[in-house]
Amino acid sequence: MRPSPRLSVIGAGLAGSEAAWQIASAGIPVNLIEMKPLMRSPAHHSNDFAELVCSNSFGSHSSDRASGLLKEELRQLGSFIIKIADRYAVPAGGALAVDRSKFSKFITETISKHPLINIERNERKFLPHEDQIAVIASGPLTSDDLAIDIRAFTGIEECHFFDAASPIVEGESIDLSLAFKASRYDKGDADYINCPMNKDQYLAFRSELLNAEQAEVKGFDKESATFFEGCLPIEELAKRGEDTMRYGPLKPIGLWDPRWGDLQDKELRQAKRAYAIVQLRKEDNDGKLWNLVGFQTNLKWGEQKRILRLIPGLQNADFIRFGVMHRNTFLESPKLLAPTLQFRKRKKLLAAGQITGTEGYAAAVAGGWLAGTNAALLAMNSEPITLPKTTMIGALINFISGNQLEEKSSQKNLFQPMPPNFGLLPDLNRRIRDKRSRYGAYRDRALEEVKIIKKAMTNPNLIEPIKK
Ligand SMILES: Cc1cc2nc3c(=O)[nH]c(=O)nc-3n(C[C@H](O)[C@H](O)[C@H](O)COP(=O)(O)OP(=O)(O)OC[C@H]3O[C@@H](n4cnc5c(N)ncnc54)[C@H](O)[C@@H]3O)c2cc1C
């Protein structure tokens, strides 16, 4: 009988390194293919694996914060990368930050010494053969040739090459005494939250945008930003003219707050009509997360918080994600992936990390853990696992694989990268008003689930933490 080809993992970033480790820990040989140092994306600088391309922080330590809970779940499940992050932690207040060079060096050395991991330093230009079990973990800056092949495999509409994302705020932090729910021209349900501005508020807001500090933009971003006319940053629209935003994403026409009185009364309409309106659109079915429509931005995060809180209704907004601008290759995962991270149309092919539309370092590790675990299970002819939505990892992966989106294709087309956050978790069976206590209860429920998962997994090698 023809021996089955070795498993492969493309990309030795955070997701790929974790995936390769989980596969090898299950006793299965794996090829880990990394293009550095022969080729490098504009954001990668070192030759080591699991390079942190920007900040050295994996986010909050505290398990009653979303990224803290995600990391705690990963710890319990035996994540290799989180174990090493803990080992090379540096003081950073409430966050898990690491000494990035020691962290990546140790990971590279440990993986390179593993007897079941074969390292190939090469750019992989094509997807592996369909008989082969493989994990794509080539990240948001996947090399061009591979990105083209992925696009050919998934279909041209199914793979984004996006350069911008708008901020997301928590629904319960929006002040509905100032904002109101409605759709433009009352079409369909009142699906949007609308934040009306008068002329003075609009002009003051624009003036702050014009003077705001921009985040550093690397050369490749500048180029792509000029190409994407359809998704210009809001500060760029502000620059183009006093009224440009009012004729674009802040268009007020067709939006009326019933509290202003009778829409049919012409005089009233003239007097009360908003000068500009910022719209927010639901990110999830329950309306816990809201995206500022058309607000892709390259402002520094501190500036975003300060300026966007000038919008009436958002004065106390809690930001789940800030707007970012960089090249970002991510799959239209809700259409393409199952919650096991297998491609629906090719079960032996899996994906992990930022390319699946999760956002952030810890989330990339989580995808790597699940895809690696499932690739190993497939190699052992076992059923791949999904994680329950009550865990942070499960909620995030279920979200990106479309399990929480409505079947409406229009909504699926709006897919944007998502970081871990409590808005993704199903409600508790009791109401807890205090946010911190509520998040604590989410955590307790999630960690109980993780205990059950650990027990249920039959192969102890898959979850055994790395030995010191
Ligand atoms: C500029 C930028 C800044 C970011 N800053 C942060 C931040 O501060 N904090 C945060 O939490 N998240 C940040 N992110 C988001 C995200 O968390 C990181 O991109 C994270 O590194 C994603 O992990 P990954 O494993 O999916 O991809 P990566 O870590 O990018 O790993 C992918 C690996 O695949 C390799 N590769 C690519 N193509 C090929 C190929 N064809 N063949 C072989 N190898 C290939 C790459 O060289 C790389 O080593 C940032 C993203 C970008 C683009």
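None of these values were measured; they are calculated from a predicted model. In listed order, ligands and their atoms are each counted from 1.
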Check each of [options] against [atom] and report the one with the nearest heavy atom.
{"atom": "atom 42 (N) of ligand 1", "options": "R124, M39, Q354", "answer": "R124"}
{"atom": "atom 44 (N) of ligand 1", "options": "R40, M35, H44", "answer": "M35"}
{"atom": "atom 37 (C) of ligand 1", "options": "G368, S138, G11", "answer": "S138"}

Interfacing atoms of ligand 1 (cut-off 4.0 Å, heavy-atom, [X]):
{"X": "G360", "answer": "10 (C), 11 (O), 12 (N), 17 (O)"}
{"X": "L146", "answer": "41 (N)"}
{"X": "I33", "answer": "43 (C), 44 (N)"}
{"X": "E123", "answer": "41 (N), 42 (N)"}
{"X": "A15", "answer": "25 (O)"}

Cationic N near anionic O, under 4.0 Å, E303 to R306: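 Yes.
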Flag the pair E51 and K36 as a salt bridge only when some basic side-chain nitrogen lies within less than 4.0 angstrom of an acidic carboxylate oxygen.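 Looking at E51 and K36, the cut-off is met.
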Can you label the angle between the F153 ring and the F343 ring as parallel, tilted or perpendicular, going by 30° and 60°?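 Correct class here is perpendicular.
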N/O of L14 under 3.5 Å from N/O of ligand 1, yes or no?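 Yes, there is a polar N/O contact under 3.5 Å.
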Under a heavy-atom criterion of less than 4.0 Å, does N122 contact ligand 1?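 Yes, that is the case, since the closest heavy atom of the residue is under 4.0 Å from the ligand.
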Of all the heavy atoms in S41, does at least one lie under 4.0 Å from an atom in ligand 1?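 Not so, S41 does not reach ligand 1.
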Using modelled atom types only, decide if a donor and an acceptor are shared between the side chain of T142 and the backbone of G139 within a distance under 3.5 Å.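 At least one qualifying donor-acceptor pair exists.
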Using only heavy-atom distances, determine whether the side chains of S79 and K83 contain a donor-acceptor pair under 3.5 Å.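 Not at all, the side chains of S79 and K83 share no donor-acceptor pair under 3.5 Å.
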Check: F322 ring centre within less than 6.0 Å of F295 ring centre: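 No: the rings miss the under 6.0 Å criterion.
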With sequence neighbours left out, write down each residue that passes side chain to side chain contact (heavy atoms under 4.5 Å, CB included) with P388, or none if nothing qualifies.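 Listed in chain order: T390, T391, E449, I453.
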Enclosure of K451 NZ (heavy-atom neighbours >12, cutoff 6.0 Å):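 Counting other residues, nucleotides and ligands, NZ of K451 stays at 12 neighbours or fewer.
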